[in-house]
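The structure appears below as structure tokens.
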Amino acid sequence: MTHLDLIAFAPELLMAAAILVFILFGAFTGDKAARPVAIAAVVAMLIAAFLVANQGTDDGNFFNNLVAINDFTGAAKILILLVSAASLFLALPHIARDINKRFEFPLLYLFATLGMMILVSAQDLMTLYLGLELMSLSLYVLAALRRELVRASEAGLKYFVLGALSSGMILYGSSIIYGYSGATNFDLIAGALTASDGNNIGLLVGLVFVIAGLAFKVSAVPFHMWTPDVYQGAPAAVTAFFAGAPKLAAMMVFVRVLVGPFGDLTAQWQQVIALISMASMILGAFAALNQRNIKRLMAYSSIANMGYALIGLAAGTPEGVQGLMAYMTIYAVMTLGTFAVIMLMRREDRPLENIEDLAGLINQKPRMAAAMIIMMFSLSGIPPLAGFFGKLMVFMAAINEGSSLMIALAVVGALTSVVAAFYYLRIIKLMVFDPQPDELDHKDAREWSITAGVAAALLIVLTLGFQHLHAWFVGASAVLFTG
Amino acid sequence: MAIAALSFYVFAFITLFAAVNVIFARNPVHSVLFLILSFFSSAGLFVLMGAEFLAMVLVIVYVGAVAVLFLFVVMMLDVEVVASRKGVARYASVGGLVGGLLLVELVLIVGGRVGGLPNQTAAPVLPIPEMAERTNTQALGDVLYTDYILLFQTAGMILLVAMVGAIVLTLRKRSGVKRQNIQKQTLRTIDEAVELKKVEPGSGL
């Protein structure tokens with residue numbers, strides 16, 4: 001270990017140091033610490049994002065080739081940190097209302113975010129696994145945080161048991177990969193794959209297990225069954241976090257593993273990813289049609305959206321990876337904005353979850369309703385908004401790749417977005433045209449309106465400045481395809 | 001050399017003697033004490049082989065923790081000496097099967113060794129350093145605290161999450177529990193604790 005390792009890992013070290021300081025501060029201060037710690041945690045995440053953007057070392061591998069620092073990991077980390085910071089900001093009013101002022105709540109966000117940062121930097125299967133576990137363990141606890149509610153305990157337990165299963169699959173796959181390549185390092189695995197000269201069935205079996213485990217983390221069909229229950233059981237603020245940063249991180253590490261060391265096997269894993277992607281889009285679109293609970297609806301919507309993002313990965317081209325990055329970024333903005341509106345659905349200070357409770361929102365809270373309309377139009381992919389560009393990019397990548405499988409994938413994607421448009425538009429119809437039931441609470445937390453407003457504004461601004469976002473992702477994805 | 005050979009035979013004899021006695025001792029407490037003895041003499045055997053780290057771990061982990069734990073369990077559960085012998089005939093077949101399997105595996109391993117291992121063309125990822133240059137404790141330390149320091153620290157963070165999570169999910173504030181506050185107790189003065197009442201004679205309390 002040299003000082004260069006420490007400089008390269010400065011953002012992660014900052015996060016770890018922040019966690020340790022906040023634990024001590026919280027332990028000595030008690031309940032009063034919850035809000036200050038949460039605000040400090042948001043600031044720490046933003047500073048870490050700034051450090052990632054102004055990286056102090058050259059690109060390369062650090063800590064004895066355990067982690068890689070390059071444009072792609074940098075971009076992924078900045079996105080993860082910003083989305084995590086935004087979700088924690090969004091959760092600030094909840095700390096006093098629904099979380100019982102636990103100062104551990106923001107700490108678990110920090111732990112999870114640190115895990116995601118290590119995860120996307122992983123250049124070794126061991127680093128990948130440890131990063132994934134750090135992230136997942138914090139998320140299990142967050143899901144079960146309101147242990148006095150049966151539903152939250154159920155969500156936490158379900159998430160934990162199924163998550164442990166998926167971790168086991170990744171570990172099993174990693175051990176098979178290690179057995180057949182003699183290495184856990186990504187570069188050495190790639191070398192072993194090149195040297196194997198087509199005789200790589202063992203590596204492929206291991207890879208399928210790793211794909212299954214990662215597909216679980218991004219909640220792609222057929223590993224999606226935990227998503228609706230966990231989304232519904234966890235507090236809305238926590239669900240907003242689950243839907244954003246961890247999905248982003250798991251997607252990015254999906255790209256790094258498949259395109260990096262297993263780039264030579266693209267023809268093989270392409271079929272697996274295409275199947276997962278197609279199944280996710282179809283199930284996400286049709287299963288959400290009958291959902292009355294808006295959190296379950298968002299869960300199915302997230303399953304469908306993971307399917308769209310995976311189209312970009314299945315293409316296996318630089319264009320596809322750029323599409324995936326753009327799609328995930330825009331998706332994170334849309335989800336955070338939507339959950340901000342879901343959170344203000346409260347009556348007598350109790351959260352509401354049925355979509356009927358949104359009826360007539362435009363009369364009572366016209367600005368929030370307008371933001372929600374933008375979000376829903378963007379989620380269904382209606383042209384002037386950013387959601388359209390995300391879908392366009394992944395579909396274009398699939399069509400330009402040219403194989404009949406990918407074109408079929410793009411066609412299924414287009415068809416299912418029409419189906420999915422139904423339930424997004426139904427929400428708009430409810431808000432605008434339906435009569436208003438009882439009034440919602442008047443007093444909204446500032447954090448919710450700010451997040452919803454910023455998200456809606458971003459969706460419009462991203463449309464105008466899409467070429468800048470695109471240029472960033474082109475630069476970031478280039479490193480994956482040079483090796 | 002002679003001393004090494006002599007110590008080997010002494011340790012080996014004690015290990016075997018203790019191991020046999022673990023099974024045949026009538027009193028379970030004696031069994032556990034014999035187990036500890038066999039751990040100790042196996043540690044001696046490890047030292048003779050130059051594996052001082054394994055020897056230390058064996059003493060610290062097995063003797064220090066596991067064996068003492070066993071001892072506690074045995075003493076607390078009050079196992080009936082006669083009762084524990086009842087099933088010998090019943091379980092003999094299962095025990096024999098497991099023992100036989102282990103024997104077959106041992107023969108296969110030893111046979112494989114003698115017959116020669118399969119060709120290993122790839123260079124080992126982590127070569128074992130020469131014992132004269134680096135003792136195996138130092139070599140393990142290199143791997144754990146230098147090569148894989150990042151993984152070591154990340155594992156530490158994971159354990160911290162586990163701890164925080166366990167506390168968050170189980171700790172609750174109970175009302176109506178009287179707690180001892182030592183600071184408050186020691187800072188109590190005579191003025192607070194004792195009250196002098198002037199009782200007039202004949203008036204009662």
Side-chain angles (χ1 to χ4, degrees), chain A residues 1 5 9 12-13 15-16 19-20 23 26-27 31 62-67 99-100 102-105 107-108 110-112 114-115 118-119 121-122 124 126-127 129-142 144-148 153 156 160 178 181-185 188 192 195, chain B residues 105 108-109 112 116-129 133-134 136-184 187:
Chain A
M1 189 178 69
D5 289 333
F9 235 43
E12 283 83 352
L13 293 176
M15 294 285 283
I19 290 171
L20 299 179
I23 283 190
D31 284 350
F62 295 92
F63 285 106
N64 195 28
N65 291 330
L66 287 173
V67 292
I99 313 286
N100 306 333
R102 309 298 294 262
F103 77 90
E104 291 92 346
F105 177 77
L107 278 179
L108 289 166
L110 281 179
F111 272 121
L114 176 63
I118 295 173
L119 179 63
S121 276
D124 193 291
M126 292 189 280
T127 325
Y129 182 72
L130 285 176
L132 198 70
E133 279 302 282
L134 184 53
M135 171 183 100
S136 313
L137 277 173
S138 325
L139 298 184
Y140 305 149
V141 180
L142 276 176
L145 203 61
R146 301 202 61 197
R147 53 165 191 231
E148 70 276 10
S153 309
F160 175 67
Y178 176 60
S181 66
T184 52
N185 184 278
L188 296 178
Chain B
E105 283 181 354
L108 285 178
I109 291 169
L117 291 168
N119 276 340
Q120 287 184 315
T121 43
V125 180
L126 269 178
I128 302 165
E133 291 167 20
R134 210 100 174 109
N136 53 47
T137 312
Q138 285 171 321
L140 278 169
D142 284 344
V143 172
L144 207 53
Y145 302 120
T146 306
D147 295 349
Y148 293 126
I149 178 70
L150 180 77
L151 301 183
F152 188 75
Q153 292 291 339
T154 313
M157 286 313 260
I158 292 176
L159 290 178
L160 189 59
V161 170
M163 200 168 82
V164 170
I167 293 173
V168 165
L169 294 181
T170 54
L171 182 73
R172 72 188 83 202
K173 286 204 183 79
R174 283 183 204 163
S175 54
V177 178
K178 293 203 166 86
R179 287 178 197 283
Q180 187 178 25
N181 186 342
I182 294 178
Q183 195 192 14
K184 212 171 153 191
L187 285 179

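All heavy atoms count here, side chains included; hydrogens, waters and symmetry mates do not. Every chain is numbered from 1, with letters handed out A, B, ... down the list of sequences.
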Would one find more than 12 heavy atoms of other residues, nucleotides or ligands at under 6.0 Å from atom CZ of A:Phe160?
no

Contact summary for B:Val168 and A:Arg147, nearest pair of heavy atoms
O-NH1, 3.1 Å

Part of A:Leu142 within contact of chain B (heavy atom distance under 4.5 Å)
neither

Search all heavy atoms of A:Leu130 against all heavy atoms of B:Leu151 and return the closest pair with its distance.
CD1-O, 3.5 Å

Among the options A:Asp124, A:Leu66, A:Leu114, pick out the one with the most heavy-atom pairs lying under 4.5 Å from chain B.
A:Leu66

With a 4.5 angstrom heavy-atom cut-off, could you sort out which part of A:Tyr140 is near chain B: side chain, backbone, both or neither?
neither

On a heavy-atom basis, which atom in B:Val164 and which in A:Glu104 lie closest, and how many Å separate them?
CG1-CG, 3.7 Å

Just verifying a value: how many Å separate B:Gln153 CD and A:Phe9 CZ, rounded to the nearest 0.5 Å?
11.5 Å

To the nearest 0.5 Å, how far apart are CG in A:Leu137 and CG in B:Leu160?
11.5 Å

Just wondering, do B:Met157 and A:Ile118 contact through their side chains at under 4.5 Å, heavy atoms?
no

Could you state the interatomic distance from OG1 (B:Thr154) to CG (A:Leu119), rounded to the nearest 0.5 Å?
11.5 Å

So do the side chains of B:Leu150 and A:Asp5 get within less than 4.5 Å of each other, counting heavy atoms only?
no

Chain B contact via A:Ala16 - which portion, at a heavy-atom distance below 4.5 Å
both

